[in-house]
Amino acid sequence: PTCWPIPLTYPIYDSIEANVIHLTNILISDAEVMGMGRTVRHFTNRVDLWSLDLQEKIEEQIRQQLRNIVQQQQQPTDNNNTIEEKKQQSNIKKISIRLWINNVLVSDDFDWD
């Protein structure tokens with residue numbers, strides 16, 4: 001990824017953790033209000049998904065995927081590409097989250113650049 005929500009700094013794993021927390025919060029917040037509507041007097045159809053268990057499970061999935069992305073970027077390529085050539089290649093990575101918790105399916109796919 002070339003554009004992280006929270007820029008990568010050293011120590012690198014602290015930056016990854018900050019991005020994991022940020023993406024998890026956005027994902028759960030969006031899922032809670034996705035089907036929400038408004039009537040004249042009140043909001044309807046909001047789903048209360050927030051729980052520590054759900055948050056930890058989503059963080060585990062995102063954390064591993066982001067660490068894999070960083071490790072792939074730090075490893076030399078087999079075909080001896082230069083750093084500049086590597087930057088010009090497509091950096092889009094697919095992130096997938098699949099959770100089933102309390103009879104609620106949380107499924108999300110997004111591209112990370």
Worksheet item: Between D109 and R98, which heavy-atom pair has the shortest distance, and what is it?
Response: OD2-NH2, 2.8 Å
Discussion item. For R63, run the side-chain contact (heavy atoms from CB on, under 4.5 Å) check against N68, T24, V20, N19 and tell me which one passes.
Written reply: V20
Worksheet entry | Heavy-atom pair with the smallest gap, counting every atom of Q61 and S96 | OE1-O, 3.7 Å
Worksheet item: To the nearest 0.5 Å, how far apart are CD1 in I62 and CD in E17?
Response: 10.5 Å
Fill in: Side chain to side chain, F110 and K94, heavy atoms closer than 4.5 Å
no
Worksheet item: Is any side-chain heavy atom of I6 closer than 4.5 Å to a side-chain heavy atom of I21?
Response: no
Practice prompt. Treating Ile, Leu, Val, Met, Phe, Trp and Tyr as nodes and any side-chain heavy-atom pair under 4.5 angstrom as an edge, say whether I26 and I97 lie in one connected cluster.
Written response: no
Worksheet item: Should E60 and Q64 count as side-chain neighbours, where that means a heavy-atom distance under 4.5 Å?
Response: no
Worksheet item: Looking at side-chain heavy atoms only, is the closest gap between L23 and P5 below 4.5 Å?
Response: yes
Discussion item. Quick check on the hydrophobic clustering: are I95 and Y13 connected, directly or via other members, by side-chain heavy-atom contacts under 4.5 Å?
Written reply: yes
Worksheet item: Do any N or O atoms from the side chain of S15 and from the backbone of T9 form a donor-acceptor pair under 3.5 angstrom?
Response: yes
Worksheet entry | Distance in Å, L66 CG paired with Q71 CD, rounded so as to fall on 0.5 Å steps | 11.0 Å
Worksheet entry | Interatomic distance, L52 atom CG to E59 atom CD [nearest 0.5 angstrom] | 8.5 Å
Worksheet item: Heavy atoms, side chains only, cut-off 4.5 Å: are I16 and I69 in contact?
Response: no
